[in-house]
Amino acid sequence: MPSFAASLLPQGLLKYRQKHANIKVEVHDVLADTVVELVRSGQIEIGISFAPENNQDLNFQTLFNDRFIAVVPSKSPLRDIVDLTWPQLLDYDFITLQRPSSVRSMIEEALFKENIELQVTFDAHQLATIGRMVAEGLGVAVVPALCERQMKEQGAICLPISAPIIARNVGIITRSRAPLSIAAEAMVDTLIETFADKSHQETEE
């Protein structure tokens, strides 16, 4: 998925390339739900995404847990709040991904359970667009913590947010009844070695 592809994946690919210089790698940086469907259909061997809800025909191996974070403009009065909550954030115009998006679905489901009304002012197809919109002062957003570096590079401020906390496991998806090629098995090993049981913050540092 793009949040992983644009942040952590290059580090894993570099390690893979150092060990297997002659293997060509094709990366499809697509929405999380599309990753699942590409693996399920056999178009790709390995997917990296959030844990799929319907995984009867898929294997999922967790790499790490990704907690969502708030993204606010650099001059926002929210930037100095230590324990930011959703009701505080939603006093401002909210920006999120367009449907269908697993990120948006997770946000809507979590807020619905807490009886918190979500009113969306802007939505976009790409997280990079959302980051830039926030940085320009158009509103606030909540994104996977995988996007933290990207959001900061756009000029936005990233903050922890709770009440409710939204988090989801990120891991490797493969078809349960389809053996992997030797090259794909090596890629899985590299991804586990590089990212398993490590937070994205530790990896970035």
Side-chain angles (χ1 to χ4, degrees), residues 1-12 27 29-35 48-50 63-170 195 198-205:
M1 54 188 176
S3 56
F4 185 88
S7 57
L8 300 186
L9 181 60
Q11 180 183 352
V27 177
D29 46 345
V30 294
L31 293 177
D33 294 334
T34 305
V35 173
I48 302 173
S49 184
F50 297 118
L63 291 175
F64 55 85
N65 186 266
D66 190 39
R67 175 175 167 173
F68 284 31
I69 55 174
V71 186
V72 304
S74 60
K75 297 181 180 180
S76 170
L78 298 174
R79 62 170 296 163
D80 296 319
I81 296 179
V82 177
D83 298 312
L84 181 64
T85 66
W86 274 93
Q88 291 172 314
L89 187 72
L90 293 179
D91 279 340
Y92 298 82
D93 290 339
F94 193 74
I95 308 170
T96 190
L97 290 173
Q98 295 179 357
R99 298 188 183 98
S101 160
S102 59
V103 169
R104 180 163 180 166
S105 296
M106 281 185 273
I107 291 172
E108 290 176 336
E109 290 171 9
L111 296 185
F112 178 78
K113 291 178 181 177
E114 299 294 327
N115 295 315
I116 298 175
E117 183 180 1
L118 177 64
Q119 294 185 346
V120 176
T121 304
F122 298 101
D123 55 17
H125 281 295
Q126 301 294 333
L127 287 165
T129 304
I130 290 175
R132 191 61 194 166
M133 292 170 73
V134 172
E136 291 294 334
L138 285 171
V140 299
V142 169
V143 302
L146 275 170
C147 305
E148 183 171 356
R149 176 182 291 178
Q150 184 181 33
M151 296 296 109
K152 289 179 177 179
E153 288 174 350
Q154 297 275 22
I157 301 295
C158 297
L159 301 167
I161 185 168
S162 59
I165 292 173
I166 303 176
R168 191 81 175 266
N169 286 335
V170 174
F195 303 117
K198 298 179 182 179
S199 72
H200 71 282
Q201 294 95 338
E202 291 173 339
T203 304
E204 288 180 356
E205 292 172 0

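No experiment lies behind these values; they were computed from the predicted model shown.
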Residues that Phe4 engages under ring pair (Phe, Tyr, Trp, His ring centres under 6.0 Å), provided they are two or more places apart | Phe195

Verdict with supporting geometry, Ile161 and Ile69, side chain to side chain contact (heavy atoms under 4.5 Å, CB included) | CA-CA 6 Å; Ile161 185 168; Ile69 55 174; 5.6 Å; no

SG-CE distance between Cys158 and Met151, expressed to the nearest 0.5 angstrom | 7.0 Å

Looking at side-chain heavy atoms only, is the closest gap between Leu89 and Phe94 below 4.5 Å?
-> yes

Worked check of side chain to side chain contact (heavy atoms under 4.5 Å, CB included) between Val35 and Ile48 = CA-CA 7 Å; Val35 173; Ile48 302 173; 5.9 Å; no

Check salt bridge (Lys or Arg N to Asp or Glu O under 4.0 Å) between Asp123 and all other residues, then give those that pass, not counting sequence neighbours.
-> Arg104

Residues which pass salt bridge (Lys or Arg N to Asp or Glu O under 4.0 Å) with Arg168, listed by chain and number, not counting sequence neighbours | none

If we only count heavy atoms from C-beta on, is the Val170 to Phe50 side-chain gap below 4.5 Å?
-> yes

Short side-chain to backbone donor-acceptor contact, Gln150 and Cys147, under 3.5 Å = no

Is Leu97 close to Leu127 at the side-chain level, that is, under 4.5 Å between some pair of heavy atoms?
-> yes

With sequence neighbours excluded, what pairs up with Ala167 under the side chain to side chain contact (heavy atoms under 4.5 Å, CB included) test?
-> Asn65, Arg67

State the CG-CD1 distance between Leu159 and Ile81, to the nearest 0.5 angstrom.
-> 8.0 Å

Go through Glu109 and Lys113 one step at a time and tell me if the salt bridge (charged side-chain N to carboxylate O under 4.0 Å, His left out) criterion holds.
-> CA-CA 6 Å; Glu109 290 171 9; Lys113 291 178 181 177; 5.7 Å; no

Contacts of type side chain to side chain contact (heavy atoms under 4.5 Å, CB included), residue Leu111, not counting sequence neighbours = Trp86, Leu90, Ile107, Ile116, Leu118, Pro164

Sorted by chain and number, sequence neighbours left out, side chain to side chain contact (heavy atoms under 4.5 Å, CB included) with Pro73 holds for Ser76, Val134, Val140

